[in-house]
Protein chains: 2
Amino acid sequence: MIELVTIKDVAKAANVSTSTVSKVINGYSNLSIETVQRVNKTIAELGFEPNITAKSMRTKKTNMIGIVVPDVDHPFFMELFVELQREFSLSGYGCFVFSTRSEEVHEMDVIKSMLLRQVDGILFSSVGWSEQITQTLIKISERIPLVSLNRIFPHSPIKSVNIDYFEGTLRAMNFLIEKGHRRIAYISGHLGNVAGDDRLQAYRAALGRASIPYLEELIFSGEMDIKSGYRCAREMTRLYPLPSAVVAGNDAMAIGAMKYFKEKGIRVPNDIAVIGFDNIEWCNIVDPPLTTLNPDVRIIAKRVAELMLGEADDTLVLLKPELIVRGSTDIDAINVIDW
Amino acid sequence: MIELVTIKDVAKAANVSTSTVSKVINGYSNLSIETVQRVNKTIAELGFEPNITAKSMRTKKTNMIGIVVPDVDHPFFMELFVELQREFSLSGYGCFVFSTRSEEVHEMDVIKSMLLRQVDGILFSSVGWSEQITQTLIKISERIPLVSLNRIFPHSPIKSVNIDYFEGTLRAMNFLIEKGHRRIAYISGHLGNVAGDDRLQAYRAALGRASIPYLEELIFSGEMDIKSGYRCAREMTRLYPLPSAVVAGNDAMAIGAMKYFKEKGIRVPNDIAVIGFDNIEWCNIVDPPLTTLNPDVRIIAKRVAELMLGEADDTLVLLKPELIVRGSTDIDAINVIDW
DNA sequence: CTGAAAGCGCTAACAA
DNA sequence: TTGTTAGCGCTTTCAG
């Protein structure tokens, strides 16, 4: 089961050369059936398992994909990681995850350790726009497939899979505006971070189209986590009048905000409607269930794998998230769960 | 930044032999200061990075740890993984995660892929008690360090880190009994799974000590996830009278149960008190916040790393979880969050 | 203190 | 159809 038998041992036992064994292992065609059978039998008998490290060294392929996310702890990236792992394992690849902890300073370190591990491909989810990192990534992409999540690198071999945050946020805003909301707050990710910017633009655009003035005071900014949402909500309650709705850059912040509102007796959605982004599992657990945009992690993972493994010709994928209406915006939303 | 410069290039450029470069890299002592400096300078100039694969091949060490959990999706294992990764990276190790999806049938596959990847150590969280797996693990443990989570392998080199589920459950039960609860339900993990058994025993023991009869009808069993908790709660409401408290094998099931109660207008803790196990982040988010047992993931990760890397002499670690009282058992629990 | 040489386990021309 | 040979990039005796 667990041993140290090498290709050499197999060769000797089967009375063939090591290269023949190698060919059998790798399924070459020009081999006599008889030989193949004999070698396979010996392999089974000796319990031989090819040494992947040695193989990697020769072929310069590790069959490992590096996945870089801002935050492994975050439910969205967690769910994404699980799907990616599933997806890549279908093609015989393993996955490493690395977290930049949402800080640009860590991005270079993470890149270094992946390169050190000789990954065959990288999925990179950027935090910021640092020129140095950008150049490094472009350079890397000339050697190994690099797919970027939610950031486009023009004029480079870097392909990208993007959630259409603009469209998503627009949908959320239009939904609220159609319901009559006029005073809508926005809880953004860190401004200047990749995670923050275009969602906020969509917020502005939607207001513009509805001729609602953009008010600086309605914009809050956090770190994409529950705690930040909670804090932003606290800030928000200093406003008078309170906004009638709030859109958050992701579910975690929306959930944090809902928590604060609940503590203060502010009712969701009666006093304030809330919309998140990501459709993480917890949207269904919180009370009321959270209305959100669903980017469909499964599809994302599939597209990423396709681009990475060269199974698709696209170089840029843009995924439009679907609005999922639940109790945090509609008091009588029917939230059927098939449990 | 990203290159293909080898030890050979460095050697040539620095006018030394490859073995000298190797020695410099690995910090050998018997080298003239002058040489070391020159080599280091060249290394920097050429931007040389040692090829870890080649190194692994020679040293037969990959510096990778394999982590096997029943379910990566599960918040508890997620949090554990993050901590383990942090902990092991301190010693220069990377981590793979593998999920057995809580099914014994997948355990062997997972073991195989880890072995194929030549991991230097394994953390294994068992699902069941299969004899075949047991034997395989013992065999592996004779070659590489194997640490088991929550399961003890007597008479083998397998060390283990264990959460004291018995003690924890006892604490939960005693807490409830002291508050006057007599009719206490229990939501267990799958019986026959490692995750299920001793917690249920503690439940029984606590009842026994308080001279409360054990009733089969108060025992429910699920799959350790939210959905299961929800379903068990649904079953439970068929009972008359409703139990005044329920203890769940983990937080996810407790949270699922709370969700069902909420939907049915059964108030927690007024109508029924709820206690979970794990102290995952979401305990603070749900409403009311969930009383639970805290096994301290951070400590677990630390101990695991110690045992794995041979930094501790223990062979068995037993961690007593602390009861954290929140609103799901005490209507006026003060749940201070330092947000 | 430094270098030559052998080899980790495997693959891939190239020959036979 | 099969075997010979030459490494991949690094470490590690062992000589010098």
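Per chain, numbering begins at 1; letters A, B, ... match sequence-line order.
- When rounded to the nearest whole Å, the span between CZ of A:Arg58 and P of D:dT5 equals 16 Å.
- Ion pairing of B:Glu306 with B:Lys302 is absent here, as no side-chain N (NZ or NE/NH1/NH2) approaches a carboxylate O to less than 4.0 Å.
- Between the CE atom of B:Met57 and the P atom of D:dT12 there is a distance of 14 Å, given to the nearest Å.
- Side-chain atoms of B:Ser22 and B:Ser19 include no donor-acceptor pair closer than 3.5 Å.
- Residue-environment remark: NZ (A:Lys41) stays at or below the threshold of 12 foreign heavy atoms within 6.0 Å.
- Between the side chains of B:Lys60 and A:Asn51, no donor N or O sits under 3.5 Å from an acceptor N or O.
- For DNA chain C, the contact window with chain B, defined by any atom under 4.0 Å from a protein heavy atom, covers C:dC1 to C:dG9 in 5' to 3' order.
- For the contact set between residues 11-45 of chain B and DNA chain D, defined by any heavy atom under 4.0 Å, the members are B:Ser19, B:Ser22, B:Asn26.
- Atoms CG and CZ, from B:Asn162 and B:Arg303 in turn, are 13.0 Å apart once rounded to the nearest 0.5 Å.
- No side-chain donor-acceptor contact under 3.5 Å links A:Ser56 and A:Thr53.
- Environment of CG in B:Asp313: sparse, with no more than 12 heavy atoms of neighbouring residues, nucleotides or ligands closer than 6.0 Å.
- If you take NZ of A:Lys60 and P of D:dC8, they are 8 Å apart, rounded to a whole angstrom.
- A donor-acceptor contact under 3.5 angstrom links the side chains of A:Thr134 and A:Arg151, judged on distance only.
- Atom NZ in A:Lys8 sits about 14 Å away from atom C1' in D:dA6, given to the nearest Å.
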